[in-house]
There are 2 protein chains.
Amino acid sequence: MKRVRLTLEYDGTDFAGFQLQGKGERTVQGDLEAALLQITGTQIRVSGAGRTDAGVHALGQVAHFDVDWKISEEKIVGALNAHLPRDISVLQAGYAEQEFHARFSATSRTYRYAILNRPQPSALLTRYVWHVTRPLSVEAMQEAGRTLCGTHDFATFGQPSAPGLSTVRFVERIAVRPWKNGSCLLITVRGNAFLRQMVRSLVGTLVMVGQERLERGEVLKLLEVRDRRACPPIAPAKGLCLVKVGYDGQRIGIN
Amino acid sequence: MKRVRLTLEYDGTDFAGFQLQGKGERTVQGDLEAALLQITGTQIRVSGAGRTDAGVHALGQVAHFDVDWKISEEKIVGALNAHLPRDISVLQAGYAEQEFHARFSATSRTYRYAILNRPQPSALLTRYVWHVTRPLSVEAMQEAGRTLCGTHDFATFGQPSAPGLSTVRFVERIAVRPWKNGSCLLITVRGNAFLRQMVRSLVGTLVMVGQERLERGEVLKLLEVRDRRACPPIAPAKGLCLVKVGYDGQRIGIN
């Protein structure tokens, strides 16, 4: 058996997230396993680096599976894309070491959140942005982003995958920059790993700051209180995209 | 009655084009007239600058209609967007002079065509690009673009709106440039007006040149032969977007 590592792009709009739900709902993992069943005739389990929520997109999700293949890496890409629906694309495939694990070997994750910040909606961006009509201060959001960076207990901003697990995470970078001539904002968030709904909770908080409904001091208090119920409204899934999973760096903090 | 001018963005994927078909098919004009009926209680006719084909998108389509309103231009934008589906957005609205006509006053149209040029498909771009897997030479396409610019009889590259009408058009600019780190190409085509399927026919021809399946001399011959049947396969609708309609310049050539 050989371990295969995939880099995936998908449009999350019509998926109930990455991970198999077992409720007959459409998931990225389910569609990948169905494609592998068609190609190989056997049921193969696929593991992803992160379980993106329903509606969240990916430009660089990573997954792995084990298979008894001898075909070239290029042919794996072609075969999978030929059997996948149009809203999932395999960008890269490669044979990996047996120790490689898409989720547990990952040392960083980079997400990008897109906000349309103008009165009018955008027909061409509607599936990929959060439409915030009230003007946002990029500077105030950048400053609040710096406050949230570092190793913190992010219990206010997300749930662990099971009760009782650590809610400490390391956020390396939160960058806010104008996009599309200033009609949009892109927020890039990079860290070792994230709690459930953590990126969308951070973005929801930054938007409150950008609209002057929350001050920097209050953001610090949100961190300190460590209470999920204190979190501002979370940003909608459709603006979020998992852009990169890193495996090169040193593992930092608690995963 | 006052004449209102609109600038529109739409995702053409689920439309049978801009113009009303009268066959129960969904059109941009039909949805705009339905929104106006909901707002005003009367049937109002909408005219567009160009009838984009089924699947063609717009970032800057222009339309006009006559209405008995006193509300501000900003409120027109808000009212229409509140009654339009998510795949049509009104970007601007303004009261125009009675002589203004979205189609007949237009002096230029700018289209952009997007090509994904790599072996793998793209889940996030699939609705907006033509996926061409074989590598394209940007330089060869640029040179062929220059050959096609100018005032020519474009009978090989499109049909007039009714038989017997002129097929002479003025193409001011055809620019080909890399996009998204070279994985995509953007072709910008600007002219006074275009024949039916003309931009997609020009793009189909440029792609043949970019793949070295057609030489510059043969492109000249295609122009000279003035025979629609000689045209290379036309590019699919989904890569095309009407980005701007101009009203400022001098009218050039035959409309």
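By convention in this document, chain letters (A, B, ...) are assigned in the order of the sequence lines, proteins followed by strands, and residues within each chain are numbered from 1. Since this is a predicted model, take the numbers as computed values, not measurements. All values below come from the heavy atoms of this structure, side chains included, with hydrogens, waters and symmetry mates left out.
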Exercise for the section: Select, from Gly12(A), Ser122(A), Ala58(A), the one with the greatest count of heavy-atom pairs under 4.5 Å involving chain B. Expected result: Ser122(A)
Fill in the blank from the handout: Interface check, chain B: of Leu124(A), Asp11(A), Thr126(A), most non-hydrogen pairs under 4.5 Å belong to Leu124(A)
Practice task
Could you please state which residues from residues 60-97 of chain A sit under 4.5 angstrom from chain B, measuring non-hydrogen atom to non-hydrogen atom, sorted by number, or 'none'?
Solution key: Val77(A), Asn81(A), Arg86(A), Asp87(A), Ile88(A), Ser89(A), Val90(A), Leu91(A)
Problem - Charged tip of Arg200(B) within 45° of Tyr111(B) ring normal and under 6.0 Å - result: no
Exercise for the section: State, without any angle test, whether Tyr10(A) and Asp31(A) hold a side-chain donor-acceptor pair at a distance under 3.5 Å. Expected result: no
Exercise for the section: Any chance you could lay out the salt bridge (charged side-chain N to carboxylate O under 4.0 Å, His left out) test for Arg118(B) and Glu9(A), step after step, and finish with the verdict? Expected result: CA-CA 14 Å; Arg118(B) 68 178 190 196; Glu9(A) 175 180 337; 3.5 Å; yes
Practice task
Return yes when atom CZ of Arg26(B) has more than 12 non-hydrogen atoms of other residues, nucleotides or ligands closer than 6.0 Å, and no otherwise.
Solution key: yes
Exercise for the section: Tell me, for Pro119(A) versus chain B, whether the close heavy atoms (under 4.5 Å) come from the side chain, the backbone, both or neither. Expected result: neither
Problem - Heavy-atom side-chain contact between Pro121(A) and Thr133(A) under 4.5 Å - result: no
Handout entry: Trp130(A) and Lys238(A), any side-chain heavy atoms less than 4.5 Å apart
Key = no
Practice task
Look at Asp53(B) together with Arg196(B) and state whether they make a salt bridge at an N to O cut-off of under 4.0 Å.
Solution key: no
